[in-house]
Structures are given as C-alpha cells and as structure tokens.
2 protein chains.
Amino acid sequence: MSKDNSKISISVIKRLPRYYRFLGELKANGIERISSNSLAQMMNLTASQIRQDLNCFGGFGHQGYGYNVAVLHSKIGAILGVDSKLKTILIGAGHLGNAIARHLDFEKKGCVLEAIFDIDENLMGKNICSIPIYNVAYLQEYCEKNKPVVAVLCIPKEAAQSLADSLVSAGIRAFWNFSHYDLNTDYQENVVVENVHLGDSLLTLTYRANNEI
Amino acid sequence: MSKDNSKISISVIKRLPRYYRFLGELKANGIERISSNSLAQMMNLTASQIRQDLNCFGGFGHQGYGYNVAVLHSKIGAILGVDSKLKTILIGAGHLGNAIARHLDFEKKGCVLEAIFDIDENLMGKNICSIPIYNVAYLQEYCEKNKPVVAVLCIPKEAAQSLADSLVSAGIRAFWNFSHYDLNTDYQENVVVENVHLGDSLLTLTYRANNEI
DNA sequence: GCCCTATTGTTAAAATCTTGACAATAGGGC
DNA sequence: GCCCTATTGTCAAGATTTTAACAATAGGGC
C-alpha cells in the first residue's frame, strides 16, 4: 500500500468489495488487462471515479495500458484483508444463522468461522458445515481460551445489546449484526459494527417499487 | 404527503426505514412525543439532519413541542408504503431463501409473499410458513395468472441474470437480489433492484476490523 | 391573557463526494 | 528508434449531502 490510507473515506471502502468481485470475475474469465473506461461501463460507474478510488491506495495502473486484472485484484484483496484470518464466532443457529454460516465463504473474506453458539439444548454436539455448535453458557470460557475477534449476531433483538456488551468485554472487536436492532458500541473505542438490516432493505425496495425510482 | 416527493434523494429514502424502526420502538414503549434533539441522540445523528429529512415530506412537527411519535411513525410508514400489498414471489428455497422467507415479516414491509419456487423436486408440495413451494417450471404460468410484481432471488449467481430477464418480461418490476451478482436491468425502465451483497458487507467489516475504523 | 421557553422549518455555510478535463507518459506499430 | 494512441494520475469544478444558525411560533405556566 503506497499511500497513507488513514483517511480513506468510508464511501470508497464500501465500493472496494464490489471492485474485488468484478475483478475476480474478469480474472476467472481469463481477461488480463482492463481500462478504467471498460470497467466503468461494466460496473455502471464513471471511469473518473474508478481512477480516483484506486488512487487512494496508490498507482496500480499503467498509462496507455490500463490495469492488470490479476495485480489489481490481489492488491484490492490485500487492502481489504482477504487473507487475514480473523477468528470468528456466530451466535444464534436458527434459520438465519444457519443460512449465513453455510452461505458465506468466510475464509475468502478474511474471517475464519470457528464456533457457533445457541441456547437450544437440542443443537448441542451438532455442527454446521463441520463447525461445532456449543451452548451459549460456554461462550465466556470459549472466548478466554480462543480469543475470537469477530462475532456474527443472529439473535432476537431483545438479546442483542446485552450479549454484545459482554462480548466486548470478552474481547470481541467487530460485530456483524443481523438482529433487528442497532448495536450501540460508542462507549467503546476500537469496536466496529456492521448492522445488516434486511428489513430496512426490503422497505427501501417497497418505497422504490411504489414510486418507480 | 404534503410536498412534492419526486426529487427526494436516495440517501434520505435509505434513512427512512431506520426512523420508522426507532419510532416504532418509542411508540411500543408508550412515548408520546419526541424532539429532533432527543431522537438524534438516540439514533446517533444530528438534530438538523432529522429535521431536514422529515421536511422533505412536509411539516410533521410542532414548534416548542416536537413530534408526535404515533403520528410521525404512521406518516413515515405511509411514505414507505408499509400498507401496500405488493404481490411477492421468492425463487430459491435453499437455506438462505428459507431463512429469508421465515425471518422477514413481509406483510409489515408492504409485500405479501405468495409463492416460492425451486428446482428441487423433493420440495414440491411442501411449504414454508404455509407459503407453497412450486416447481420453477411453473413460474411463467404462475406470473401470468397472479401478476406478482416483486421477486426475491436466492439463487446461484450463474442463474440470476437470465432468470431476472424472463421475470421482467413476465411483469416483475422489483427485485430483491441475494445472489452474488449485480443484476443488470438498465435496459428496462421502471424496474428497481436492491442488491443485498452479504459478502461485500463482511469484507467491509474485515477491512474495518483490520484497520480499526 | 401574557410572557418565556422549547423546538421547529428554513436558509445559508461547510464538508464531502463525484465528475470533467488535461497534461504526462507508457506501449506498440512501423 | 520515433511517433502516435491509449489511458493513467491528478487537479479543479460541480453536485450533493450534512451541519450550523436563527427567526418564527406553538404551548404551558402563572
């Protein structure tokens, strides 16, 4: 990373995974080089924005040539941290938790899902994609032993805040939160939260469908 | 709606569901009135932004008093269209589709989930939360008969674009897309797409966890 | 009924984000 | 090896979004 990335704006960051995805596709299709212009057309962006975004991290392109797909893909991957092995746990093995554990390739996204917790006694000893399910009573002890840093929350909103609080004190520094609740971790430095509000997303779609925009 | 809402920015729209959620909580807790200031504190926004956002749609507040929670909640609900009954189908009854069908209260979000489609013969005749699962071969005929307008896509990315194309010609005007693929419907006016990229969200979290922002 | 306080709606300023423009230059054909 | 073309990196302009400021005014206490 050749530039100071301490003040990269969150808008840019949120676009990086999409670049990474498109470049991965191009690479898989054997495309070797691409210009900001063709990429822009493909991604429905302006070439200017792509060049501006990429230049936040350094000059990955060559004048008169464009960008080498494989190089750019791996550079963006490195920026995002796809090879980091953040120890991850998931709490709540209901339908949603189950689907998330199966659906996402955590390892390719920089996270290693190592344990799942639930309150349902019937699930104890079982596993999802060979990741063991433990009783939530064992959570604190597990954290002390294994020091996970990322927690995926697939639990009812009523339980979310207090569980998050105790997870923070157990060392969790990042939450991927699917409960219908906005986690409040302002009191705590260095804790990041991605709230995924599927309900909000659906409501936005409803508005847009009704207003044709 | 007392103001022209044809040029409301998408940033404002995307905040509305969150307002709606917080106001719903306040209402459920028996709070009758709230000022932009207290709401801002609660939601981690500026009071100015809240007033500006709400005023896109008209003056819902009273000087010296604030906003009536129940009124504001229902006004925002009406703007979003929570009472619209958009006929909705879901395609792909795997773990994710299953979880989405169960997890989201479609009716409270302006959509009525009426049918689920899959290719797995073993699922035919079964149902999820009493919504029937049909063979995807029956999709076209179903659309002609029942005229659904919203489609939830929980299918592999390889199948997404061609299925979306045929759904558009069958009358679908809104997609809630969970496949790891950016649906392209530019060629078609009046079709809206909400891409939910869970993988992108996780990658963003990874970046933030690694960079502590 | 009057005055004081709280709080809005609105306007203007500041900040941020996106787009356009273009000089600099690497690469490839001849 | 030179010139022409393609395309970047970057700077400046334009657009949008967010925040601050404040006059206008409704409500409630006395």
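Just so we're on the same page: letters track the sequence lines, and every chain starts at 1. Just so it is clear, the values below take in all heavy atoms, side chains as well, and ignore hydrogens, waters and symmetry mates.
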Tell me: [atom1] of [X] to [atom2] of [N], nearest whole Å?
{"X": "A/Ile8", "N": "C/dC17", "atom1": "CD1", "atom2": "P", "value": "11 Å"}
{"X": "A/Phe60", "N": "D/dG9", "atom1": "CZ", "atom2": "P", "value": "9 Å"}
{"X": "A/Asn68", "N": "D/dT8", "atom1": "CG", "atom2": "P", "value": "13 Å"}
{"X": "B/Gln49", "N": "C/dT8", "atom1": "CD", "atom2": "C1'", "value": "16 Å"}
{"X": "B/Gln52", "N": "D/dA21", "atom1": "CD", "atom2": "P", "value": "15 Å"}
{"X": "A/Leu54", "N": "C/dT18", "atom1": "CG", "atom2": "P", "value": "14 Å"}
{"X": "B/Asn37", "N": "C/dT8", "atom1": "CG", "atom2": "P", "value": "7 Å"}
{"X": "B/Phe57", "N": "C/dG9", "atom1": "CZ", "atom2": "C1'", "value": "16 Å"}

Considering just the side-chain nitrogens and oxygens of [X], establish if one lies under 4.0 Å of OP1 or OP2 belonging to [N].
{"X": "A/Tyr67", "N": "D/dA6", "result": "no"}
{"X": "B/Ser36", "N": "C/dT8", "result": "yes"}
{"X": "B/Arg51", "N": "C/dG9", "result": "no"}

query: Nucleotide by nucleotide, 5' to 3', does protein get under 4.0 Å of the base (B), only the sugar-phosphate (S), or neither (-) in nucleotides 25-30 of chain D, counting heavy atoms?
result: BB----
message: Does the Lys NZ or Arg CZ of B/Arg33 fall within the cation-pi geometry relative to B/Tyr67 - under 6.0 Å from the ring centre and within 45° of the axis?
response: no
May I ask which nucleotide in the shown strands pairs with [N], Watson-Crick or G-U wobble, both distances under 3.5 Å?
{"N": "C/dT25", "result": "D/dA6"}
{"N": "D/dA13", "result": "C/dT18"}
{"N": "D/dC30", "result": "C/dG1"}

Can you identify which nucleotide, out of [options], has its nearest atom closest to the [X] side chain?
{"X": "A/Asn55", "options": "D/dG9, D/dT19, C/dC17", "answer": "D/dG9"}
{"X": "A/Ser11", "options": "C/dC17, D/dT7, C/dT8", "answer": "C/dC17"}
{"X": "B/Ser9", "options": "D/dT17, D/dT8, D/dC22", "answer": "D/dT17"}

Counting heavy atoms not belonging to [X], are there more than 12 under 6.0 Å from its [atom1]?
{"X": "A/Glu32", "atom1": "CD", "answer": "no"}
{"X": "B/Asp105", "atom1": "CG", "answer": "yes"}
{"X": "B/Asn184", "atom1": "CG", "answer": "yes"}
{"X": "B/Ile119", "atom1": "CD1", "answer": "no"}

For residues 145-155 of chain A, run the donor-acceptor check on the side chains, cut-off 3.5 Å, and write out each pair with its distance to 0.1 Å, sequence neighbours left out.
| from | atom 1 | to | atom 2 | distance (Å) |
| --- | --- | --- | --- | --- |
| A/Lys145 | NZ | A/Glu141 | OE2 | 3.4 |
| A/Asn146 | ND2 | A/Tyr142 | O | 3.0 |

task: Ignoring hydrogens and angles, state whether a donor on the side chain of A/Asn37 or A/Ser35 is under 3.5 Å from an acceptor on the partner side chain.
output: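 No, no side-chain donor-acceptor pair sits under 3.5 Å.
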- prompt: Excluding sequence neighbours, so at least two apart, what forms salt bridge (charged side-chain N to carboxylate O under 4.0 Å, His left out) with B/Glu194?
  reply: A/Arg208, B/Lys14
query: So what does B/Ser48 hit on the nucleic acid, given a heavy-atom distance under 4.0 Å: a base, only sugar-phosphate, or nothing?
result: base
